[in-house]
Amino acid sequence: MQFRARERSPSTRGRTGTLRLAGRDIETPAFMPVGTRASVKTLSSWDLEESGARIVLANTYHLYLRPGQETIRRLGGLHRFMDWSGAILTDSGGYQVFSLAELRAVLPDGVRFRSHLDGSEHFFTPELSMEVQHALGSDVAMAFDICTPYPCARDEARRQMERTSAWAERSRARFRELSDGRAALFGIVQGGVHPDLRSESAARLVSIGFEGYALGGLAVGEPAPVRWEMVERGDADLPEERPRYLMGVGQPEDILEAVHRGCDLFDCVLPTRGARHGTVYTLAGRFSIKARIHAEDPGPLDPDCDCRVCGRCSRAYLRHLFQVGEPLGPRLVSHHNVRTYLRLMEKIRAALREGRYDAFRRRTRDALLGTEPPAPAAPETPKEG
Ligand SMILES: [Zn+2]
């Protein structure tokens, strides 16, 4: 993996860059649609290509349980399995083990848990996480971590940060043994919302040495000012020449703020989860296609959008699909929403390159806000992300 970050302009910490992964160039800041179980829900690989996606995220925990990493390895790896020619980042499995599985015990060596599917017992270690991600053929693997919840008392946040640091070292060692030099490994900064713990976490990771760094344990319910303080702390603590990935963020207006604070990579389930609830994202805000007002509207979801759905389908038709429960409705809105996120990233990169990011950020944020609230936060079964 190579990463080349360009200089920042004086009015923002935002930057453009190029991430070279296994022969593919990804322009940053970049958004990764979430393909939880080797599928960005309802979208085919050609839909994703058409939308301009260059990298997707897949979930180690889900693919370990079904169909199993060895099955995917025997079928040629995850790229071939899901027919995806772009890059793939896999998470470590830690987040799902702690949020989805029935947790049995967090031990110095790893985590014992019961599958949320059939109750079977499993033991995940940093070494096993690296082995699963390697078997999947991931381009960017994540170190096995404990995602500190919010709120979390200082002593507990420290314990989890220290364990995450120890597991990062073991992840690095096992990754090195497995690696053919093709894939990259990112470390994950934890420490809850305690600035000194986060700085200590970052320093420990940097001393181990990773190809990139993620800011973890954020977007888990903390107030926005606290989140941005932690992101700014991460920006100050992490090396300029490595990509920074802000995990699980978020709404388009949050991505604008995170880019402004030096983040390069993003993932979020919102464009597809929102689509399943009928929430349409545009760069002028979001709305529900299920609303009565669209019943006889012949216009597109978003007149400014260049996606196939906006080119060919009316709001009236899309609303009808939701009214009668046709699965095509969520699929078409997912296609549009993912394209909207990727168009936002294209505009962000252009504004950064042209030295007008701060004005772009303010104007776009104002356009995005003042509309309907986001899609329900309650996850469906099975949960994404
Ligand atoms: Zn569209």
Side-chain angles (χ1 to χ4, degrees), residues 26-27 29-35 39-57 84 86 250-256 259 266-351 360 363-376 384:
I26 298 157
E27 296 300 316
F31 179 78
M32 303 182 280
V34 177
S39 152
V40 175
K41 288 194 191 302
T42 76
L43 298 180
S44 64
S45 54
W46 48 94
D47 290 331
L48 291 169
E49 284 160 12
E50 190 176 293
S51 71
R54 307 301 300 270
I55 177 169
V56 299
L57 181 149
W84 174 241
Q251 297 287 358
E253 58 271 23
D254 296 331
I255 291 177
L256 287 169
V259 165
F266 303 92
D267 77 282
C268 194
V269 298
L270 282 174
T272 45
R273 179 180 295 164
R276 296 199 295 285
H277 294 280
T279 298
V280 176
Y281 281 84
T282 78
L283 300 186
R286 43 190 176 261
F287 63 89
S288 174
I289 190 59
K290 296 196 253 185
R292 170 106 200 98
I293 191 173
H294 308 300
E296 297 194 15
D297 188 338
L301 289 178
D302 178 359
D304 294 328
C305 181
D306 58 4
C307 86
R308 191 190 292 270
V309 178
C310 289
R312 300 178 68 159
C313 303
S314 68
R315 289 188 181 198
Y317 176 60
L318 291 160
R319 175 176 186 270
H320 161 73
L321 294 177
F322 275 90
Q323 286 298 110
V324 296
E326 283 291 339
L328 184 60
R331 171 169 155 72
L332 294 177
V333 174
S334 292
H335 187 97
H336 162 80
N337 282 353
V338 167
R339 177 63 194 142
T340 296
Y341 267 68
L342 294 166
R343 278 176 58 234
L344 173 67
M345 304 317 291
E346 289 168 7
K347 287 174 178 289
I348 285 173
R349 293 193 296 268
F360 169 82
R363 196 176 62 245
T364 309
R365 182 187 57 200
D366 290 348
L368 285 165
L369 298 177
T371 51
E372 290 187 28
E384 270 183 291

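The shown structure was predicted, so the numbers you read here are calculated from the model rather than taken from an experiment. Counting convention: from 1, in listed order, for ligands and their atoms alike.
- Here OG1 of Thr279 is found 11.5 Å from CZ of Arg273. Values are rounded to the nearest 0.5 Å.
- The main-chain N or O of Tyr281 is found under 3.5 Å from a side-chain atom of Asn337 such that the two form a donor-acceptor pair.
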Would you check, one step at a time, whether the test side-chain hydrogen bond (donor to acceptor under 3.5 Å, both in side chains) holds for Asp47 with Ser44? CA-CA 5 Å; Asp47 290 331; Ser44 64; 3.1 Å; yes
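- When the side-chain contact (heavy atoms from CB on, under 4.5 Å) test is applied to Thr42, the partners found at least two apart in sequence or on another chain are Arg331, Ser334.
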Could you tabulate the donor-acceptor pairs under 3.5 Å formed by side-chain atoms of residues 296-307, not counting sequence neighbours?
unit_1: Asp297; atom_1: OD1; unit_2: Gly299; atom_2: N; d: 2.8
unit_1: Asp302; atom_1: OD1; unit_2: Asp304; atom_2: N; d: 2.9
unit_1: Asp306; atom_1: OD1; unit_2: Arg339; atom_2: NE; d: 2.8
unit_1: Asp306; atom_1: OD1; unit_2: Arg339; atom_2: NH2; d: 3.4
unit_1: Asp306; atom_1: OD2; unit_2: Arg339; atom_2: NH2; d: 2.9

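- Qualifying side-chain contact (heavy atoms from CB on, under 4.5 Å) partners for Pro330, counting only residues two or more places apart in sequence or in other chains: Arg276, Phe322.
- Protein atoms of type N/O/S that fall under 2.8 Å from the Zn ion (ligand 1) number 4 in this view.
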